[in-house]
Structures are given as C-alpha cells and as structure tokens.
Amino acid sequence: MDNILSSLKTIPLFIDLKEEELSKIAGLVKIRNYKKNMIIFMEGEPGDGLHFVKSGRVKIAKSSEDGREQILHFLQEGDIFAEVVLFDGGPYPATAEVLEDAQIGIIRNQDLDKLIKENSDIALRLLKVMAKKLRLAQMAIKELALRDTFGRVVGILLKLVREYGEPGPEGTVIRLPLSRQELANYVGTTRETVTRILGDLKKSKVITIDKQTICVIDEAKLKSWL
C-alpha cells in the first residue's frame, strides 16, 4: 500500500489530495506487471478503467485502415492513460504496448466513478489532463499538415529531447530506444525515409547514433531547421 501511495503522489491528477483521500484511491488500484513488448490493451477492446505508469515506458498507437501503425504518445512514470473511457463508456481508442518491463496501475471505471462523485476536484483534474492531451494532438496534426518530412523528423527529435533527454558526454542522449520503424511510425513516414534523414543529420554532425540510441549534439542547429 505504501508503495502505491508513493506512486500516486507523483501523478498530477492526485498530487494535491490529502493523505486520507490518497489512501482511499490506493485501495482501489490494481497493479499489473508487464514484460517488454506485451500488450496492455488493444484498440477497440471494451474500456474498463483508467491506467497509469508506475514504472517503465508505454507506447500508445492507432492502426490505420491499411494496417499501418501511427504512434500517438510515449508514456513514462507518472503518466495516466485511457482516462477517456470513464466518460464515454466506449472501447479503448488506441493500443497500449509496453516498451520495457513495466508496472501499470489500474483503477476500474466503476470505482473511479464513485470516487469522482465523492471528490469533484478529481473530475476537474481529469478534464484538464484530457484537454492538454487534446491540445497536443491538435499540435501534432498541425505539424503533420504544415511540415515536410524532414521538419517532422526534426520536430520529433526535439520533442524527445525535451521529454526523455539526459546529459551525455557529447550532448543530450534520448533515453528512449526506438527502432527506425517505430520512429517512422511516430513521424508518419517510411522507415527508409527516416533512416536517410537520420543519416543526413549524422553527416551534418547534429546527432550521433549508437544502435537505437540517439544523441543530439547540436540542438540549436536542429531548432534552426524548424
């Protein structure tokens, strides 16, 4: 229970709640362990609750009509997801897949619904979280529409630097190992195109690449290309 309480205190949705309220929520949480590449839920499956990342990283993606994957978000410790099913009672709008061994907390819809009725502040915070995600989605759509492929790759790299960057000996290391295909699915292009653009950036001495790890060594130059 103490372990779950500590995790809840890192989640913006619950961060301002009193210890007594947090204890009530902790009693509702079910923790599940997932191995790398396991599926938490599939797009279209019945939605049964709000999820949060206790540890590890998660990928949220949708499938297009022709079966291609479009990555929407990468989530890390403290992030919540699938909160929309609480309000519309529908299926999961996307697929959640574990990128590395992870622990995922789940609060069932019926339990969270009762909790919200007892604490309206949580409902307001949920709406704010959903509004923020909607803004980010709108920004992503705008970028896809207005930028060419090179600009989208650069924009995604800068986004990953902000969210997953850690100081390294040469620059900022993106601590989110992605295959070329996963990066292409995030950008919305082909693996071959991403590989070519990354190669050009490497030749320009803007990034270095070690297997699936990218290090940005000239962030200012990247920004100048947007």
Side-chain angles (χ1 to χ4, degrees), residues 1-32 34 40-62 70-99 102-144 155-156 158-160 162-165 176 186:
M1 179 70 79
D2 289 341
N3 199 2
I4 296 175
L5 270 173
S6 297
S7 296
L8 291 176
K9 290 176 181 178
T10 68
I11 300 174
L13 183 63
F14 305 124
I15 202 166
D16 295 325
L17 296 182
K18 297 176 183 177
E19 195 78 17
E20 181 181 346
E21 294 169 324
L22 283 173
S23 295
K24 287 182 181 180
I25 297 172
L28 303 175
V29 174
K30 307 295 182 185
I31 300 294
R32 290 181 180 170
Y34 292 87
I40 301 171
F41 53 74
M42 292 289 293
E43 179 180 354
E45 288 182 351
D48 63 352
L50 175 146
H51 295 59
F52 68 87
V53 183
K54 187 174 183 293
S55 65
R57 291 191 174 104
V58 172
K59 175 179 71 177
I60 305 296
K62 288 183 70 68
Q70 176 62 57
I71 296 176
L72 304 178
H73 307 289
F74 291 109
L75 307 174
Q76 55 189 330
E77 183 178 341
D79 288 335
I80 68 169
F81 57 107
E83 68 282 355
V84 67
V85 301
L86 171 69
F87 292 97
D88 68 6
Y92 291 117
T95 296
E97 179 183 346
V98 172
L99 291 175
Q103 286 190 314
I104 304 299
I106 304 169
I107 305 177
R108 300 292 184 189
N109 283 343
Q110 59 267 32
D111 294 330
L112 190 56
D113 183 58
K114 181 181 178 182
L115 183 67
I116 285 174
K117 289 176 181 177
E118 296 173 351
N119 193 325
S120 58
D121 286 346
I122 293 179
L124 290 174
R125 289 193 186 96
L126 264 177
L127 290 172
K128 287 180 180 179
V129 168
M130 293 173 68
K132 181 180 178 181
K133 287 187 176 181
L134 179 59
R135 283 198 302 272
L136 291 175
Q138 290 172 333
M139 288 171 61
I141 292 170
K142 184 178 179 181
E143 287 184 359
L144 285 173
I156 289 296
L158 289 170
K159 182 176 187 291
L160 293 176
R162 290 194 303 271
E163 296 178 358
Y164 297 97
L176 182 67
Y186 200 13

Distance, nearest 0.5 Å, that separates CD1 of I106 from CG of L28: 13.0 Å
From CD (E45) to CD1 (I40), nearest 0.5 Å: 11.5 Å
Residue list, salt bridge (charged side-chain N to carboxylate O under 4.0 Å, His left out) with E19, at least two apart or on another chain: K9
Which residues share a salt bridge (charged side-chain N to carboxylate O under 4.0 Å, His left out) with R162, sequence neighbours left out: none
Residues which pass side-chain contact (heavy atoms from CB on, under 4.5 Å) with K62, listed by chain and number, not counting sequence neighbours: E43, L72, A94
Partner residues of Y92 under the ring pair (Phe, Tyr, Trp, His ring centres under 6.0 Å) criterion, sequence neighbours left out: F41, H51
Y164 side chain to F74 backbone, donor-acceptor under 3.5 Å: yes
Over all atoms of both residues, closest heavy-atom pair of A96 and V58: CB-CG1, 4.1 Å
Minimum-distance pair of heavy atoms, taken over all atoms of V85 and P91: CG1-O, 3.9 Å
By side chain to side chain donor-acceptor pair (under 3.5 Å) - contacts of E163 (at least two apart): K159
Validation row: L99, L176 side chains within 4.5 angstrom (heavy atoms): yes
Salt bridge (charged side-chain N to carboxylate O under 4.0 Å, His left out) partners for D48, two or more places apart: R108
Atom pair CD1 (I25) and CD1 (I107), whose distance is rounded to the nearest 0.5 Å: 6.0 Å
Identify all side-chain donor-acceptor contacts of residues 77-84 below 3.5 Å with residues at least two apart in sequence or on another chain.
from: D79; atom 1: OD2; to: Q76; atom 2: N; distance (Å): 2.9
from: E83; atom 1: OE1; to: K133; atom 2: NZ; distance (Å): 3.3
from: E83; atom 1: OE2; to: K133; atom 2: NZ; distance (Å): 3.4

Heavy-atom closest contact (S23 atom, L5 atom, distance): N-CD2, 3.7 Å
Residue list, salt bridge (charged side-chain N to carboxylate O under 4.0 Å, His left out) with K54, at least two apart or on another chain: none
Euclidean distance, S6 OG relative to L22 CG, rounded to 0.5 Å: 10.0 Å
N109: side chain to side chain donor-acceptor pair (under 3.5 Å) partners, not counting sequence neighbours: none
Separation of E97 CD from I71 CD1 (nearest 0.5 Å): 8.5 Å
